[in-house]
Asker: 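This is the structure, below, for whatever I ask next.
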Amino acid sequence: MTIRLPDSKGGFRAYEPRKEPFAATPGTPFTSRTVFSAAHVVADPFADSTPDSPAAVDWDATLAFRRHLWSHGLGVAEAMDTAQRGMGLDWAGAAELIRRSSAEAKSVGGLIACGVGTDQLTGPATLAEVRAAYEEQLALVEESGAQAILMASRALAAAAKGPEDYLEVYGHLLRQSAEPVILHWLGPMFDPALEGYWGSSDLDAATDTFLEVIAAHPDKVDGIKVSLLEARREIDIRRRLPQGVRCYTGDDFNYPELIAGDEQGFSHALLGIFDPLGPLAAEAVRVLDTGDAKGFRELLDPTVELSRHLFQAPTRFYKTGVVFLAWLAGHQSHFTMVGGLQSARSLPHFARAYELADGLGLFPDPKPAEERMKNLLSLYGVNQ
């Protein structure tokens with residue numbers, strides 16, 4: 001049996017879904033790499049909400065998805081941009097998400113790190129107000145028992161006059177953090193408001209400031225997450241890090257080669273694409289744990305086409321594809337998103353995402369995924 005899928009040129013093509021999923025079983029944490037999946041949130045489809053109202057979250061389904069990731073040995077990077085921080089999930093919702101997910105992690109022994117930002121600031125802010133906002137969120141994450149990820153701040157990008165302001169704010173936060181944190185450099189392709197972060201639109205100059213922050217406080221930095229979608233730049237930064245500071249790749253275009261590494265080192269991982277790829281990615285890392293880099297690449301390289309499709313420009317809307325695949329895979333009962341973001345991608349985009357994901361065997365049961373895809377197509381007037 002085939003399914004009629006629309007293409008990007010206004011036509012249709014026939015696709016034959018696979019019959020069996022990729023065989024992956026839950027397992028213990030990894031030994032060669034530390035791997036986090038940034039996780040999405042599941043909206044409450046029955047809430048009477050509008051795009052500008054506070055997020056309505058289905059907490060049971062949201063936490064169940066995190067248990068799914070933990071069961072495969074992956075860590076959860078919570079309340080990150082994958083969870084629609086700044087794109088539907090406000091600070092109140094993120095705070096509740098951090099509390100609930102951290103408690104769930106404790107109950108199952110799961111690895112968790114949570115995003116610390118300044119998104120409670122909704123207008124122009126001074127540097128002092130930016131620091132205070134960061135401090136409030138850092139305190140909540142530390143009280144929850146999770147590791148902190150210091151996220152890039154729109155408010156800081158707007159308030160900072162130059163590199164010295166970044167050095168002052170981050171230095172202040174690192175000095176008072178109770179445990180080593182992960183620093184997150186999110187590029188403007190993920191959030192246009194972060195253009196010129198670290199005080200310069202020149203990436204070489206910005207990199208120097210970023211590394212200066214780390215060099216001044218190496219004992220307070222567990223690692224860095226780099227989301228610039230430039231493999232060579234990440235490798236350069238990785239090689240310049242102080243001893244003991246890890247690089248967590250956030251490059252959803254080049255992650256297999258960066259995680260596999262080279263003769264001078266490798267990256268750990270903190271990736272949004274590992275939300276839909278969870279079981280397959282976990283299986284690949286376990287192969288890498290045995291020292292089989294070739295086998296690791298053979299498993300993970302074929303997933304890059306799907307990742308590049310989901311993260312195509314405008315990159316910040318990759319969350320729509322992530323949630324779409326979670327629905328097809330049966331992790332949630334509906335395709336509704338916080339802020340109505342399910343409308344952010346086109347039907348041809350969804351069709352190609354389905355085809356690529358099905359080809360990889362990502363759906364635990366391909367038949368219900370096919371039926372859900374047909375249901376979506378019928379809503380757009382596509383008859384099979």
Side-chain angles (χ1 to χ4, degrees), residues 29-39 69-70 72-83 85 105 110-117 141 146-152 170 174 177 179-187 189-191 194 197-198 207 210-211 213-215 217-262 264-275 277-278 281-282 284-285 288-289 296 300 303-304 307 311 318:
F30 317 116
T31 57
S32 65
R33 304 289 189 274
T34 300
V35 180
F36 290 95
S37 166
L69 295 173
W70 285 318
H72 286 277
L74 295 157
V76 168
E78 189 56 278
M80 304 292 289
D81 57 303
T82 304
R85 288 288 288 272
L111 178 66
I112 189 168
C114 298
V116 170
V141 170
Q147 184 178 19
I149 304 171
L150 292 187
M151 302 170 68
Y170 277 91
L174 290 172
S177 63
E179 300 291 339
V181 308
I182 297 172
L183 295 181
H184 185 191
W185 184 359
L186 191 69
M189 67 287 293
F190 289 93
D191 187 343
L194 300 177
Y197 212 74
W198 304 110
T207 296
F210 182 48
L211 290 170
V213 169
I214 299 164
H217 308 277
D219 59 323
K220 288 296 187 76
V221 181
D222 163 66
I224 62 166
K225 169 179 159 59
V226 184
S227 299
L228 298 175
L229 305 183
E230 290 188 20
R232 291 310 311 172
R233 184 167 297 278
E234 178 174 320
I235 292 169
D236 173 66
I237 293 173
R238 187 172 75 195
R239 291 175 178 174
R240 296 168 64 187
L241 290 174
Q243 184 70 29
V245 176
R246 293 187 274 196
C247 180
Y248 294 90
T249 187
D251 188 333
D252 300 278
F253 283 4
N254 304 292
Y255 51 93
E257 65 182 274
L258 291 165
I259 297 170
D262 54 32
Q264 296 186 48
F266 57 83
S267 294
H268 299 270
L270 199 165
L271 289 161
I273 191 57
F274 279 7
D275 179 304
L277 289 183
V285 177
L288 187 60
D289 284 346
F296 166 79
L300 213 55
T303 69
V304 172
S307 189
F311 284 77
Y318 76 88

Asker: Hey, which of Ile182, Val181, Ile237, Leu270 is the one that makes side-chain contact (heavy atoms from CB on, under 4.5 Å) with Ile224?
Answerer: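 Running side-chain contact (heavy atoms from CB on, under 4.5 Å) over Ile182, Val181, Ile237, Leu270 with Ile224 returns exactly one hit, Ile237.
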Asker: About how many Å separate CD of Glu230 and CG of Asp236, when rounded to the nearest 0.5 Å?
Answerer: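 It comes to 10.5 Å.
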Asker: Are any non-hydrogen side-chain atoms of Leu241 and Cys247 less than 4.5 angstrom apart?
Answerer: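 Contact flag for Leu241/Cys247 side chains = yes.
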Asker: Looking only at side-chain N and O atoms, does Tyr248 offer a donor or acceptor that is under 3.5 Å from a partner on Asp222?
Answerer: yes
Asker: One pair to check against side-chain contact (heavy atoms from CB on, under 4.5 Å): Met151 and Met80. What are the steps and the verdict?
Answerer: CA-CA 8 Å; Met151 302 170 68; Met80 304 292 289; 4.3 Å; yes
Asker: For a quick test of reading the model, state the closest non-hydrogen atom pair linking Leu186 to Ser227 and the distance between them.
Answerer: CD1-CB, 3.8 Å
Asker: To the nearest 0.5 Å, tell me how far Glu257 CD sits from Ile235 CD1.
Answerer: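 Separation between the atoms: 6.0 Å.
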Asker: Between Asn254 and Val304, is the side-chain contact (heavy atoms from CB on, under 4.5 Å) condition met? List the steps.
Answerer: CA-CA 7 Å; Asn254 304 292; Val304 172; over 6 Å; no
Asker: Measure across Lys225 and Gly250 and return the closest heavy-atom pair with its distance rounded to 0.1 Å.
Answerer: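 Answer, listing the atom of Lys225 first, then Gly250: NZ-CA, 3.3 Å.
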Asker: Taking atom types as modelled, find out whether Asp289 and Ser32 have a side-chain donor-acceptor pair closer than 3.5 angstrom.
Answerer: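 Per modelled atom types, Asp289 and Ser32 side chains form a pair under 3.5 Å.
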Asker: If you define the side chain from C-beta out and look only at heavy atoms, does anything of Tyr255 sit under 4.5 Å from Thr303?
Answerer: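 Tyr255 reaches Thr303 side chain to side chain.
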Asker: Look up atom CE in Met189 and atom CZ in Phe253, then write down how far apart they are to the nearest 0.5 Å.
Answerer: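 So the CE of Met189 and the CZ of Phe253 are separated by 8.5 Å.
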Asker: With rounding to the nearest 0.5 Å, note down the distance linking NE2 in His184 to CG in Leu150.
Answerer: 11.0 Å
Asker: First locate atom SG of Cys114, then atom CD1 of Ile149, and finally report the distance between them rounded to the nearest 0.5 Å.
Answerer: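 Cys114 SG to Ile149 CD1: 7.0 Å, rounded to 0.5 Å.
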Asker: So, does Trp185 use its side chain to make a donor-acceptor pair with the main chain of Ala152 at under 3.5 Å?
Answerer: no
Asker: Does a salt bridge link Asp262 with Arg239, judged by any charged N lying under 4.0 Å from a carboxylate O?
Answerer: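 A salt bridge links Asp262 with Arg239.
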Asker: Heavy atoms, side chains only, cut-off 4.5 Å: are Leu74 and Phe30 in contact?
Answerer: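 The answer is yes; the side chains approach within 4.5 Å.
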Asker: Write down the atom of Ala215, the atom of Pro242, and the distance for their closest heavy-atom approach.
Answerer: CA-CG, 4.3 Å
Asker: With the side chain counted from C-beta on, respond yes when Asp251 and Val226 share a heavy-atom pair under 4.5 Å apart, and no when they do not.
Answerer: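 Counting from C-beta outward, Asp251 and Val226 never come under 4.5 Å.
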Asker: After noting the C-alpha distance and the side-chain angles of His217 and Leu183, does the key distance pass the side-chain contact (heavy atoms from CB on, under 4.5 Å) rule?
Answerer: CA-CA 12 Å; His217 308 277; Leu183 295 181; over 6 Å; no
Asker: Determine the minimum heavy-atom distance between Glu234 and Ser267, stating which atoms define it.
Answerer: OE2-OG, 2.7 Å
Asker: What are the two closest non-hydrogen atoms of Phe266 and Ile259, and how far apart are they?
Answerer: CB-O, 3.5 Å
Asker: Please find the pair of heavy atoms, one from Lys220 and one from Leu174, that lie closest to each other, and give the distance.
Answerer: NZ-O, 2.9 Å
Asker: May I ask you to check whether Ser307 and Tyr318 show a side-chain donor-acceptor distance below 3.5 Å?
Answerer: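 No, no side-chain donor-acceptor pair sits under 3.5 Å.
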Asker: Please walk me through it: do Phe274 and Leu69 pass side-chain contact (heavy atoms from CB on, under 4.5 Å)?
Answerer: CA-CA 9 Å; Phe274 279 7; Leu69 295 173; over 6 Å; no
Asker: Over 60° means perpendicular and under 30° means parallel, so classify the ring planes of Tyr170 and Trp198, tilted if in between.
Answerer: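 If you compare the ring of Trp198 with that of Tyr170, the planes turn out tilted.
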Asker: For the CZ atom of Arg246 and the CZ atom of Arg33, what is their distance to the nearest 0.5 Å?
Answerer: 11.5 Å
Asker: Looking only at atom types and distance, does a side-chain atom of Arg233 sit under 3.5 Å from a main-chain N or O of Thr207, one as donor and one as acceptor?
Answerer: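 Side chain of Arg233 to backbone of Thr207: no pair is present.
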